[in-house]
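No experiment lies behind these values; they were computed from the predicted model shown.
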Amino acid sequence: MALTAFPISPAKPLTAITTISQFPHNPKTLILQQCKTTRDLNQVHAHLIKTRLLLNPAITENFLESAAILLPNAMDYAVSIFHNLDEPDTLVYNIMIRSLTYKQSPLEAFLLFKKMQESSAEPDEFTLSSILKACSKLRALREGEQIHAHIVKCGFKSNGFVENTLIHMYATCGELEVARRVFDGLPERARMAWNSMLAGYMKNKCWDEVVKLFHEMLKLGVGFDEVTLISVLTACGRLANLELGEWIGDYIEANRLKVNIALVTSLVDMYAKCGQVETARRFFDRMDRRDVVAWSAMISGYSQANRCREALDLFHDMQKANVDPNEVTMVSVLYSCAVLGALKTGKWVEFYIKKKKLKLTVNLGTALIDFYAKCGCIDSSIEVFNRMPSTNVFSWTALIQGLASNGQGKGALEYFQLMQEKNIKPNNVTFIAVLSACSHAGLVNEGRNLFTSMIKDFGIEPRIEHYGSMVDILGRAGLIEEAYQFIKSMPIQPNAVVWRTLLASCRAHKNVEIGEESLKHIISLETPHSGDYILLSNIYASVDRREDAIRVRNQMREKGIEKAPGCSLIELDGVIYEFFAEDKACPHLEEVYNATHDMMKRIKEAGYVPYTADARLDAEEDDKEASVSHHSEKLAIAFGLIRTLPGTTLRISKNLRVCTDCHNATKMISKVFNRQIVVRDWNRYHHFKEGSCSCNDYW
């Protein structure tokens, strides 16, 4: 509909139309093209009433379409117009049902369809397609089945447009077998039908079926498009099917499809999930335009590859590009912050959520809980948990695991009890968390009872991780022989991780015999880590069997196994600093070593005695004290002391277990310098304050 006699200007009111002759033969153009605001609609509406043009069905329908679809905030206005129409026809109903579905009001769309059925207006293929989309959004399977029956009854079964929407509805409601029967029953399966079925499999995470159906397309010579390829690339990423993903990548380049942002973003995501992060980055860097989805895919790729510093660097680039992050971005960033202990960046994410008044979804809230817990801020984790409008088993599990790792085992068990009172059924990961709580807190009997309850009361069959947790509970408590017999009686074959857990306990409790047995089992199961040999070497050293300790270290070197260097990270003013044991190339080298020397001198004056058994075995007797004093966490703590104000909490992340000497030294540092220090090692968090540690030396 075109009211071309006058243009609409935001600065000027709409000039009145006086005669119907001013409308051209296609009266749609002006309303659809020139109405930009509700005020414009009001002016046109008033004129249509005054000139009785509203009685013209074509004009009314197009005016309604302008209000319902084209303007973002005029849906209520469109509904009021609709309710004042005497006998809306099918086209008018279609406009309203489609608009309500599109504007995220599918329930109102369905109620309007019910009203249509009671009127003289007959549903057509467009009505049925729109109402099936509403059923999809509502997950209204029963109502969708009723629409399906109506489709068959009224002869729309052969309409490809309707059948495609029917496939989508069934797939969205989880009825993939029915969706596939509809698909297979189509007399002619156009590309849109294939895409609908692929999308259905993708929504239900049936990645193998996506790839299988795509191969069937290729075999039958069915043409595919960008929509097809996006579904298949998503499946390739989840299946790590790099071969097919690369074939699609070559196809995209050969056919110059790189202008499609969504397609290239899917390619970036696929390569990242297949471990080809550098290739993903090349495609990302070559994109002419990058929307939030593209940035999120690349940041997520770095996070999943544990290249967390690069993930945060890219996130900072995203901010410089003035691209607002979405939920996926923030979850990936929070994960990276958690791994690195980057508290300041993670806090910014929470500030952004509050500033933008974003909904604290289950995924986002759970990521925040995990982030704060891994930064040693368990009170903040609890605060986030209490603010979440809804929680699920993953949220509860994250909090329970956080409490366990932060030395609050009893608190973790209290939340586990509360979880059950709230009728949230724990899963196998929850039980790993509560068993971990028992391990860290030395709650042996509670651990035994929970392990039995998991099987008896919840019907959860123990996995290797649960058996490993029980070994850890017994081993930490010094029940080495019982832990060993527990492993021998396992109904499934213990893996290297289980034996490694026992080996670590043997190190803590100086059990040479079972320690030797544990390493033998590890070697028989997989290529051992450097840490395995070092644990046994340390066991020998702890009982003054120095020659055996050196022999084990020599075996490690002969087999070409290099010791993973101790590495500690500290975040200061949003910058992450990295230190290695006896680091000679660290930033601010002279400043760091002078600060470390002064720090060690002050704590020795306060009573600290170096535990030189943790020094390098090849260190000379006179050099052992210097060796332990230059462990990576001591360098990081010393740097933090001179670069922060008095009273500032220091947060350190370490890649290996904290040694006895560093544990003792950090307790003394917290007392002498009156600092709280949080050190996260490979499996727990140590909160040092006033000369004590949250683990109560049970680590």
Side-chain angles (χ1 to χ4, degrees), residues 306-310 312-313 316 336-337 339-345 375 530 534 562-606 608-612 614-670 672-682 686 688:
N306 276 324
R307 294 169 61 168
C308 296
R309 295 187 72 169
E310 289 161 286
L312 294 190
D313 288 343
H316 292 314
S336 295
C337 290
V339 170
L340 297 172
L343 183 63
K344 186 172 183 179
T345 304
C375 287
S530 62
I534 291 166
E562 294 185 2
K563 178 183 180 296
C567 174
S568 295
L569 306 176
I570 183 170
E571 182 197 37
L572 300 173
D573 296 324
V575 178
I576 296 169
Y577 295 89
E578 187 175 54
F579 297 91
F580 292 91
E582 302 185 65
D583 196 347
K584 300 301 181 185
C586 65
H588 317 287
L589 180 67
E590 186 176 353
E591 181 184 18
V592 169
Y593 273 83
N594 286 338
T596 304
H597 176 77
D598 292 341
M599 178 183 75
M600 300 306 293
K601 181 180 177 183
R602 285 185 62 181
I603 64 173
K604 283 172 72 176
E605 291 170 353
Y608 157 76
V609 178
Y611 183 71
T612 56
D614 285 331
R616 286 181 290 105
L617 285 179
D618 59 355
E620 296 295 332
E621 199 63 38
D622 294 342
D623 295 332
K624 285 186 176 182
E625 186 176 328
S627 174
V628 294
S629 70
H630 295 153
H631 281 185
S632 63
E633 55 266 60
K634 292 191 182 83
L635 299 178
I637 291 170
F639 189 62
L641 288 173
I642 61 173
R643 287 299 185 99
T644 59
L645 295 173
T648 304
T649 299
L650 302 181
R651 302 178 190 279
I652 314 294
S653 297
K654 187 178 180 182
N655 64 332
L656 304 175
R657 186 191 297 264
V658 172
C659 71
T660 302
D661 182 72
C662 286
H663 190 271
N664 294 339
T666 308
K667 285 199 298 182
M668 190 62 75
I669 294 166
S670 71
V672 171
F673 291 87
N674 194 26
R675 294 288 190 111
Q676 288 190 49
I677 304 172
V678 181
V679 179
R680 185 181 80 202
D681 66 13
W682 71 285
H686 303 268
F688 297 93

Answer yes or no: is there a donor N or O on one side and an acceptor on the other, between the side chain of [X] and the main chain of [Y], under 3.5 Å?
X: D661; Y: Y611; result: yes
X: R675; Y: T648; result: yes
X: N655; Y: P565; result: yes
X: K634; Y: V628; result: yes
X: Y593; Y: D583; result: yes

Approximate separation, where rounding is to 0.5 Å, of [X] [atom1] and [Y] [atom2]:
X: F688; Y: N664; atom1: CZ; atom2: CG; result: 9.0 Å
X: L343; Y: R651; atom1: CG; atom2: CZ; result: 5.0 Å
X: I677; Y: I652; atom1: CD1; atom2: CD1; result: 7.5 Å
X: H631; Y: T596; atom1: NE2; atom2: OG1; result: 12.5 Å
X: M600; Y: D598; atom1: CE; atom2: CG; result: 11.5 Å
X: R657; Y: C659; atom1: CZ; atom2: SG; result: 11.0 Å

What's the shortest heavy-atom distance between [X] and [Y], and which atoms?
X: K654; Y: S568; value: CG-OG, 3.7 Å
X: I570; Y: G640; value: CD1-CA, 3.8 Å
X: C567; Y: F580; value: CB-CE2, 3.7 Å
X: D681; Y: H686; value: OD2-NE2, 3.2 Å
X: L656; Y: G566; value: CD1-CA, 3.8 Å

Next item on the list: Return the set of residues passing side chain to side chain contact (heavy atoms under 4.5 Å, CB included) with R309 (not counting sequence neighbours), or none when no residue passes.
Entry: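 Listed in chain order: L340, I576, E578.
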
Check: Run the side chain to side chain contact (heavy atoms under 4.5 Å, CB included) check on L641 and I669 step by step: do they pass?
Finding: CA-CA 10 Å; L641 288 173; I669 294 166; 4.2 Å; yes

Check: Does any non-hydrogen side-chain atom of E625 lie less than 4.5 Å from one of K604?
Finding: yes

Notebook entry, point to check: Under 4.5 Å between any side-chain heavy atoms of K667 and Y608, yes or no?
Noted result: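 SC-SC contact between K667 and Y608 ruled out.
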
Check: Got a sec: does the CG of N594 have more than 12 other heavy atoms crowding it under 6.0 Å?
Finding: yes

Note to self: Taking atom CD as the centre, does E605 end up with more than 12 heavy-atom neighbours from other residues, nucleotides or ligands that are less than 6.0 angstrom away?
What the structure shows: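 Yes - once you tally the heavy atoms of other residues, nucleotides and ligands closer than 6.0 Å, there are more than 12.
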
Next item on the list: Sequence neighbours left out, what passes ring pair (Phe, Tyr, Trp, His ring centres under 6.0 Å) with F639? Give chain and number order.
Entry: Y577, F579, H588

Next item on the list: Dump the intermediate steps for side chain to side chain contact (heavy atoms under 4.5 Å, CB included) on V678 and C375, then the final yes or no.
Entry: CA-CA 8 Å; V678 181; C375 287; over 6 Å; no

